[in-house]
Amino acid sequence: MSRLSRAVKESGAPMLGIAAYFYDPIFVEIVAKLGFRVLWIEMEHAFITFAEAADLCRIASGVGMLTMIRIPDSRRENVLKAAECGADIIDLPMVDSPETAHELIQYGRFRPLGARGYFSVPRALDYGLAESLPEAQQKVNAELCLMIQIETEEAVRRAEELCAIPGIDVFIGPADLSASLGVPGQTTHPKVVQAAENCLRSARKHGKVVAVGSPLPDVKFWADQGVDVLFCGNDVACLRMGAQSILKQATAAIQSRKESTSAR
């Protein structure tokens with residue numbers, strides 16, 4: 001059983017996650033202390049390096065968070081380096097076919113489940129400190145979650161095929177899914193909801209852990225659907241919302257002072 005599956009089983013409610021789009025250990029410590037359970041390390045759209053991703057995994061692990069690295073594609077070098085970082089979850093975006101999902105498994109699992117390179121000293125294998133490297137590799141096979149993102153019309157159409165693949169879990173991406181279905185940004189549009197419900201049925205049928213990246217207004221909707229992991233924010237949004245709140249409060253205080261002064 002993967003570390004994520006164990007945590008989901010123990011949680012009994014959707015686990016809340018948050019995304020890091022840039023390298024900031026302070027942000028990781030703050031969100032861990034606030035109670036977020038999973039850190040999403042973004043390498044598809046953001047400019048985080050693998051060295052930085054490995055550090056964020058160390059930091060997050062040290063403060064009790066699970067970690068997910070989203071890689072840009074299924075090339076061997078991306079899957080392998082993410083796996084060597086020792087993340088709890090490797091997430092692959094835009095998976096439209098079983099062939100792509102099998103590439104993730106091929107490069108992310110040690111033999112006999114895949115063909116991951118036999119490198120003996122990564123963080124994922126405790127730098128080679130294990131008494132038996134083959135046993136340590138099989139432990140990694142069992143504990144590492146490989147996750148595919150269903151976020152296009154084609155992926156929804158093939159959801160049953162994708163969810164039937166052993167050894168992978170599922171991430172539903174409502175934002176890209178809404179764009180693919182012709183209603184960009186409308187993440188609770190009936191088309192998106194129906195597509196998501198179809199994916200959830202297939203995922204549940206095959207016993208998959210299900211994660212979702214959700215805008216804040218949609219969190220209750222996804223919680224009601226019984227998803228296991230809810231990513232509901234990121235570092236850039238936290239900065240923006242915090243700065244907006246401070247500016248609003250400070251501006252209101254200044255305006256109040258002006259009104260008080262003019263009334264004298």
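Within a 6.0 Å sphere centred on OH of Tyr118, heavy atoms belonging to other residues, nucleotides or ligands number more than 12. For Arg204, the CZ atom sits in a packed shell: over 12 heavy atoms of surrounding residues, nucleotides or ligands are nearer than 6.0 Å. When the shell of 6.0 Å around CD of Glu99 is examined, it contains more than 12 heavy atoms from other residues, nucleotides or ligands.
Residues Asn141 and Phe110 share a closest heavy-atom pair of OD1-N, 2.8 Å. Contact between Ala13 and Ser11 at its shortest, heavy atoms only, is O-OG, 2.8 Å. Taking every heavy atom of both residues into account, Gly167 and Leu146 meet most closely at O-CB, 3.9 Å. Contact between Cys57 and Ile41 at its shortest, heavy atoms only, is SG-CD1, 3.8 Å.
Going from atom OG1 of Thr187 over to atom CG of Asp176 covers 12.0 Å, rounded to the nearest 0.5 Å. Going from atom NZ of Lys248 over to atom CE of Met241 covers 11.5 Å, rounded to the nearest 0.5 Å. In this structure, Arg70 CZ and Ile48 CD1 are separated by 11.0 Å, a value rounded to the nearest 0.5 Å. Between the OH atom of Tyr21 and the CD atom of Glu44 there is a distance of 9.5 Å, given to the nearest 0.5 Å. Atom-to-atom distance recorded for Asp91:CG and Ile71:CD1 is 8.0 Å, nearest 0.5 angstrom. If you take CD1 on Ile148 and CD1 on Ile165, they are separated by 5.5 Å, rounding to the nearest 0.5 Å.
Counting heavy atoms from C-beta on, the side chains of Val95 and Ile150 never come closer than 4.5 Å. Between Ser61 and Arg123, some side-chain heavy-atom pair lies under the 4.5 Å cut-off. By the 4.5 Å heavy-atom criterion applied to side chains, Phe50 and Met43 are counted as neighbours. With contacts defined as side-chain heavy-atom distances shorter than 4.5 Å, the pair Cys199/Val156 qualifies. Residues Pro14 and Trp222 fail the side-chain proximity criterion, which asks for heavy atoms closer than 4.5 Å. Side-chain contact between Leu80 and Tyr107 is absent, with no heavy-atom pair separated by less than 4.5 Å. Proximity of Cys85 to Ile69: side-chain heavy atoms (C-beta onward) are separated by under 4.5 Å at one or more points.
Using a 3.5 Å distance cut-off with no hydrogens or angles, the side chains of Thr251 and Gln255 do not pair a donor with an acceptor.
Looking at Arg6 and Glu143, a side-chain N of the basic residue comes within less than 4.0 Å of a carboxylate O on the acidic one, giving a salt bridge. Between Lys208 and Asp169, no side-chain nitrogen of the basic residue sits less than 4.0 Å from a carboxylate oxygen of the acidic one, so the salt-bridge criterion is not met. Electrostatic pairing of Glu160 and Lys205 counts as a salt bridge here, judged by a charged N lying under 4.0 Å from a carboxylate O. Ion pairing of Glu29 with Lys33 is absent here, as no side-chain N (NZ or NE/NH1/NH2) approaches a carboxylate O to less than 4.0 Å. Ion pairing of Arg116 with Glu84 is present here, as a side-chain N (NZ or NE/NH1/NH2) and a carboxylate O approach within less than 4.0 Å.
Between Trp40 and Phe171, the distance separating the two ring centers is shorter than 6.0 angstrom.
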Show your working on salt bridge (Lys or Arg N to Asp or Glu O under 4.0 Å) between Glu153 and Arg158 and close with a plain yes or no. CA-CA 9 Å; Glu153 187 173 11; Arg158 304 186 72 174; over 6 Å; no
